[in-house]
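Heads up, the thing below is written out as structure tokens.
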Amino acid sequence: MRISGLLRRCAAAALIALLLPVLAACHGSRQTASFAVPDEVQLDRPFEITFWAKNDTNKTQTEIYQRAIADFESNYPNIHVNLRLYTDYGKIYNDVITNIQTGTTPDVCITYPDHIATYMSGAGVVVPLTGLIEDPRWGLGGSEVRFDAPREGEIIPEYLEECRIGGELYALPYMRSSEACYVNRTMVEQLGFRLPEDMLTWDFIWEVADAAAATRDTDGVYRINNQRVLLPFLYKSTDNMMIQYLKQADAPYAGENGEVLLFGEETKGFLRTIAEHTGREAFSTFKISGYPANFLNAGQCLFAVDSTAGSTWMGSDAPLVDISPDRLVQFETAVYPVPQIDPGNPRMISQGPSICLFNKPDPEQVIASWLFMQYLLTNDVQIAYAGTEGYVPVTSKARADSRYLDYLARAGEDNREHYAVKIAATRLVLDHTADTFITPVFNGSASLRDASGFLVESTVKAVRRKQAVDDDWFTKLYGDTRSLYRLDSLTGVSDSVETPLPAVSAGLLITLALTWLFILLYLLLQKMRKT
Amino acid sequence: MKKQIAVMAVAALTLSLAACGKQAQQAPADTPATFEDVKGEGVMTHAEYLAAAVEDAVTVETYVQGKQSWWDNKATLYTQDQDGAYFIYDAACSEEDYAKLTPGTKIKVTGYKAEWNGEIEIIDGQIEIESGNYVAPALDATSLLGTDSLADHQNEFVSFTGLTVEDKGDGQAFYYNWDNSGTKGDDLYFDVSTGGKTYSFTVESYLTDQDSSVYKTVEGLKIGDTIDCKGFLYWYEGANPHITEVVVK
């Protein structure tokens with residue numbers, strides 16, 4: 001069982017929206033000198049570093065973290081790593097924010113660039129990595145590194161760029177995934193449709209989903225599955241749904257400097273389409289109905305869109321299943337990229353955890369932490385962790401490793417490590433690295449993402465509740481969403497990252513202050529002379 | 001000034017988090033057997049609530065039995081009247097009102113009926129505190145375990161007696177998270193058997209956190225222990241009781 005129920009709809013989303021003002025208030029409230037690699041580094045004394053990690057409620061992932069720590073400590077016996085595990089990015093984010101205030105951030109942390117942008121509201125909190133990466137002694141694969149770390153050029157360039165905020169690298173990618181559409185091929189073909197070779201289009205999915213929903217008989221039973229429940233098209237992350245559609249449509253979402261462009265006509269058009277098919281009972285969402293995997297595996301869903309990192313839950317032979325065995329239905333699972341507008345120009349979201357370093361008063365502590373961060377990119381860790389779900393390693397070095405190639409080649413040999421659906425999802429990410437994108441990162445980008453999902457969820461709910469989804473309704477929805485996610489108060493990255501004033505600006509301000517001082521002194525002297 | 005605002009914001013945040021506190025909620029049943037529960041104008045009976053379709057607007061009067069969490073002006077509550085239970089998910093509720101809710105508090109909830117992976121609940125609700133008090137006695141549902149009738153008591157406060165703690169795996173009596181991937185503070189999962197069948201129970205960490213009595217008791221369970229349990233009959237693809245009390249016999 002993945003969850004006990006109440007964590008289910010991720011309070012994280014709400015936390016993020018709520019915490020933004022807190023972060024805004026702590027803008028510059030605790031400052032740490034920015035980090036620079038010291039000339040002399042002594043790492044032969046004891047160090048204790050803290051690593052906050054996220055797993056997908058997956059025991060194997062936990063074990064991989066523990067093994068990585070043990071292996072790292074065997075290389076550096078004087079550096080001890082304390083692991084704190086989370087199963088929710090939102091909780092990590094929440095705890096980091098609280099600990100920024102008290103100066104008790106972890107040393108190394110799994111996170112998302114969206115979140116880092118907010119952490120950076122406190123000056124010097126997050127360590128910029130360029131200097132560390134390029135350092136000949138301690139940098140990636142540097143002379144003082146005691147293990148086989150990747151070089152900078154061996155990190156997949158697209159993924160490295162995702163970690164750049166305001167021109168500087170503030171994170172390294174750890175794992176990458178995307179979304180996949182898991183399809184009950186058996187049921188699609190029973191309806192008389194033929195799945196395309198490579199790509200699904202939105203139009204195709206809507207057409208098949210409508211046809212499936214239309215099989216409901218007067219007795220309430222759907223003839224396509226002989227059950228009373230059928231959710232033909234079910235989407236897990238509706239924020240991704242909206243973001244990917246807008247990207248594919250080349251429609252506005254957010255400006256590079258944090259301008260909110262979500263509330264346009266293209267967004268409304270997509271919401272109208274969603275409303276239309278929801279009205280035909282062809283579409284629902286995770287937040288409204290539940291985990292797509294549960295419906296897919298029970299033969300109650302034809303198209304389930306979820307992360308590739310959720311692939312071990314998908315399909316009749318999935319190694320992880322939340323429904324009782326008597327409800328499992330046998331069918332053939334096909335794995336596709338998310339639906340596209342133009343199959344010839346596919347676009348899909350890049351997601352997955354990154355790693356950042358938090359600054360500390362002791363620069364040698366930061367170097368010790370940086371070494372552990374590098375260790376997480378070694379082939380051993382990358383290959384092992386990627387194999388737990390539909391993740392891909394973030395280095396070409398790991399991808400070319402014979403152990404990884406062997407893992408991919410053995411797809412379908414068993415329904416555990418080599419589960420065919422999981423490796424198909426993995427291949428999807430590997431094959432489409434160049435087709436992935438991320439959204440602009442700025443202080444508040446996490447809220448804008450949540451707002452995107454809220455628009456979809458609200459539209460689906462409104463239709464299901466028989467409300468009129470018309471122009472007036474959209475006007476109100478847009479207004480409510482802006483207000484709920486405080487989007488009108490968002491500032492772009494240029495405002496969010498507190499950096500020292502440029503020398504010219506500082507000089508100008510000092511000159512201005514001196515000028516006023518001289519004017520006041522002059523006036524004072526004049527007055528004294530008169531008296 | 002910014003620093004002061006930051007300190008105040010953090011203090012407010014800390015208070016908010018504290019409000020999510022997780023102590024066992026259900027007080028002993030002390031409501032008289034002759035308790036008369038008169039529903040207000042336009043309020044559904046439990047039977048009418050059950051008969052309503054998913055996404056229908058619903059209005060119920062019910063009594064808080066357990067408080068699960070409060071965040072961002074939203075409360076999640078286990079509630080019940082004499083006829084059955086209503087799980088209230090993320091209803092609009094100020095922190096001030098949330099503090100007023102204690103086991104037995106009468107509330108009026110207006111929202112929409114929903115079903116999430118089998119759990120019947122009210123979402124997008126508004127809460128209004130009313131005058132009245134009722135604490136539901138625990139229904140002994142031991143004999144209903146494994147039967148279809150158990151679903152009739154979804155979300156009710158129930159008890160199970162004479163259960164045997166089983167090996168959750170690797171010789172452990174409980175797991176942190178469903179697959180033991182978690183650590184102290186995460187949900188606890190433990191297996192119990194009765195009548196030759198085994199069932200999975202949960203200590204939901206939002207409801208009863210690591211400092212609660214039930215959390216500590218479950219952490220101390222041994223395989224083979226005989227226990228009595230009480231809790232709320234939450235549902236997730238089947239019965240998934242959120243246990244609030246465990247007594248080792």
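In what follows, chains are A, B, ... by sequence order, proteins preceding strands, each numbered from 1.
Residues A/Asn55 and B/Ser181 approach most closely at ND2-O, 3.6 Å, considering heavy atoms. Nearest heavy-atom pair across B/Asn117 and A/Tyr291 is OD1-N, 2.9 Å. Of all the heavy atoms in B/Asp179 and A/Lys59, the pair that sits closest is OD2-N, 2.7 Å.
Atom NZ of B/Lys197 has 12 or fewer neighbouring heavy atoms from other residues, nucleotides or ligands inside a 6.0 Å radius. Within 6.0 Å of CZ on A/Arg416 lie no more than 12 heavy atoms contributed by other residues, nucleotides or ligands. Heavy-atom contacts from other residues, nucleotides or ligands closer than 6.0 Å to NZ of B/Lys230 number 12 or fewer. The number of heavy-atom neighbours closer than 6.0 Å to CG of B/Asp148, taken from other residues, nucleotides and ligands shown, is 12 or below.
Contact of A/Tyr86 with chain B is not made at all, since no heavy-atom distance falls under 4.5 Å. Using a 4.5 Å cut-off between heavy atoms, A/Gln300 makes no contact with chain B at all. Heavy-atom distances place no part of B/Asp56 under 4.5 Å from chain A, backbone and side chain included. Heavy-atom distances place the side chain of A/Leu320, and not its backbone, under 4.5 Å from chain B.
Atom CG of A/Asn58 sits about 7.0 Å away from atom CH2 of B/Trp178, to the nearest 0.5 Å. In this structure, the separation between OH on B/Tyr112 and CD1 on A/Ile288 is 12.5 Å, given to the nearest 0.5 Å. Here the OH atom belonging to B/Tyr176 is positioned 13.5 Å from the OG1 atom belonging to A/Thr62, to the nearest 0.5 angstrom. Atom OG1 of A/Thr87 and atom CG of B/Asp187 lie 8.0 Å apart (nearest 0.5 Å).
Most heavy-atom pairs under 4.5 Å with chain B, from the set A/Gln61, A/Arg327, A/Glu63: that is A/Arg327.
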Check the pair A/Lys287 / B/Asp90 against salt bridge (Lys or Arg N to Asp or Glu O under 4.0 Å), numbers first and verdict last.
CA-CA 12 Å; A/Lys287 284 188 179 177; B/Asp90 261 3; over 6 Å; no
